[in-house]
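Chain A is the first sequence line, chain B the second, and so forth, proteins listed ahead of strands; every chain is numbered from 1. Since the structure is predicted, the reported quantities are computational estimates derived from the model, not experimental observations.
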Number of protein chains: 2
Amino acid sequence: MTTQAPRPRGRPRRFDPDQAIGTAQRLFHERGYDAVSVADLTEAFGINPPSFYAAFGSKAGLFARTLRHYTTTAGVPLSDILRPDRPVAEALAVVLADAARRYAADSDAAGCLAIEGARCNDPDARKAARALTAAGEDTIRRFVAATHPEAAERLADYVVTVMIGLSAMAREGHSLDRLQGVASMAGMVLEEALTMPGFTGQTASG
Amino acid sequence: MTTQAPRPRGRPRRFDPDQAIGTAQRLFHERGYDAVSVADLTEAFGINPPSFYAAFGSKAGLFARTLRHYTTTAGVPLSDILRPDRPVAEALAVVLADAARRYAADSDAAGCLAIEGARCNDPDARKAARALTAAGEDTIRRFVAATHPEAAERLADYVVTVMIGLSAMAREGHSLDRLQGVASMAGMVLEEALTMPGFTGQTASG
DNA sequence: GCGCTTGTGTAGTCATGGTTACAAAAAGCC
DNA sequence: GGCTTTTTGTAACCATGACTACACAAGCGC
């Protein structure tokens, strides 16, 4: 239902940028940002470099658009899971379980596109990916802070750390079962950590 | 005290390979394998490419030697911590706490060289790094299996996942305090997971 | 000193990878 | 049908990066 105005004007495009973004998402997810070259992309799209740059500006630009599409499509739906009325520990456990499931769902495109993209070697692409992961971290922290302000940073740090680890383990080829095992183990500590008074980080200092 | 035999034979080296490995370790740890070029290395060593290749064979070869040096120098000493007579949960918690401390100790060289190296784009370098991380994972799994065979894989997966996450968080610049907070939180679940009967991975399947 | 061995310096090769100049093509507008 | 607009295809450019050919230098054994 993309409203398709009368007709743009000049020579019509020989390819569909939206469809290309889907192809790009698959390639970036399978091989990682750095390992996908512009040549790979143009070949997969069936176009030549000038069309690529006219449509997307740069490889990092395409990646930014791809990330936007990914979050609304295949990423962990944090805003849906972290409803304000939901028990905090339970909701966070669901986030971890959902991440495990999604990251291992497609063994050819394992892990989280944003988390993995945040570690690539291109500054622009990295920045785009980090913006997404930072937004996710903020969402988690604010969700916890609404009811447990003092535990928010710690719990958000923990959940994000485990998610990053899960994404890496998924990319190493670990099975869904093993990821789910880690996620469920990680979830067990959430309740306890919430109700722990004065838990401000020095418990392991001895 | 490196026994310095009579004299090697031909023209003497203008540089010390062992010292170069120390320099390489710093560079690789600071910037990551991919982001360090052979030109960077030769410049840092004060030599030219032919000397580099004569001494180390390839960039990945140097990295392999650097990793060996790293494990005996700055890596988490798993074999020392995971003594067979030690309570399992306590020992694993120490591993996590030690990782947090080490990964955040030097903000210019954050995270674990082996864990991060295992995600680089060069197949040979990746293989060398993965051999190390796999050995570490095996050490953890066998340590747990000695007393809790059924929990070994799950606990090893969990500890490794958190360590990978901690390394990533350290590289994002998170403070020592925050990493220690995550590590101590992650450590809280270990005891419970050990004593949980029939905990074989299906708890989150509903 | 002469040959042998080994390391060094100069100056490259070769591939890859992101990006672009330029002219031709394909449509709309009038 | 000409003018304008936008996209396309060919063919590059330019930088980087891993690696090497080759001749010379510097030590040892004799």
Original post:
Taking the inter-plane angle between the rings of Phe45(B) and Phe15(B) on a 0 to 90° scale, is it parallel (under 30°), tilted (30 to 60°) or perpendicular (over 60°)?
Top reply: parallel
Original post:
Just how far, in rounded Å, is P of dG7(C) from CG of Asp16(B)?
Top reply: 13 Å
**OP:** Check whether any side-chain N or O of Ser51(A) sits under 4.0 Å from OP1 or OP2 of dT8(D), and answer yes or no.
**Re:** yes
Original post:
Separation of Arg14(A) atom CZ from dA24(C) atom C1', in whole Å?
Top reply: 15 Å
Subject >> Atom-pair distance (CZ on Arg13(B); C1' on dA25(D)), nearest Å >> reply: 16 Å
Original post:
To the nearest angstrom, how far is Asp124(A) atom CG from dT19(C) atom C1'?
Top reply: 14 Å
Original post:
How long is the line joining CZ of Phe56(B) and P of dA18(D), in whole Å?
Top reply: 15 Å
Original post:
Between dG9(D) atom C1' and Phe52(A) atom CZ, what is the distance in whole Å?
Top reply: 17 Å
**OP:** Tell me, yes or no, whether the heavy-atom count around Glu43(A) atom CD, taken from other residues, nucleotides or ligands under 6.0 Å, exceeds 12.
**Re:** no
Subject >> Non-hydrogen side-chain atoms of Phe28(B) and Leu41(B) separated by less than 4.5 Å >> reply: yes
Original post:
Given dT20(D), is OP1 or OP2 found less than 4.0 Å from the side-chain N or O atoms of Tyr53(B)?
Top reply: no
**OP:** Name the nucleic acid region contacted by Phe15(B), choosing base, sugar-phosphate or nothing; use a 4.0 angstrom heavy-atom cut-off, strictly under.
**Re:** sugar-phosphate
Original post:
Taking C-beta and beyond as the side chain, do Ser58(B) and Phe63(B) meet within less than 4.5 Å on heavy atoms?
Top reply: no
Original post:
Side chains of Tyr53(B) and Val38(B): closer than 4.5 Å at any heavy-atom pair?
Top reply: yes
Original post:
Looking across every strand, which nucleic acid part, if any, lies under 4.0 Å from Pro12(A) by heavy atom: base, sugar-phosphate, or nothing?
Top reply: sugar-phosphate
N/O contacts under 3.5 Å, protein versus nucleotides 28-30 of chain D?
residue: dC28(D); atom: OP1; partner: Arg7(B); partner atom: NH1; Å: 3.3

Subject >> Heavy-atom side-chain contact between Tyr158(B) and Leu190(B) under 4.5 Å >> reply: yes
**OP:** Please check the phosphate of dT8(C) (OP1 and OP2 only) for any side-chain N or O of Arg11(B) closer than 4.0 Å.
**Re:** no
**OP:** Mind running a 4.0 Å heavy-atom check of residues 23-47 of chain A against DNA chain C and sending the residues that fall below it, in number order?
**Re:** Val36(A), Ser37(A), Val38(A)
Subject >> Asp40(B)-Ser37(B) side chain donor-acceptor pair, cut-off 3.5 Å >> reply: yes
Original post:
Is there side-chain contact between Val144(B) and Arg154(B), with at least one heavy-atom pair below 4.5 Å?
Top reply: no
**OP:** Measure the shortest side-chain to side-chain distance between Arg178(A) and Glu153(B) over non-hydrogen atoms and say whether it is less than 4.5 angstrom.
**Re:** yes
**OP:** Please report, rounded to the nearest Å, how far the P atom of dA25(C) is from the CG atom of Asn48(A).
**Re:** 15 Å
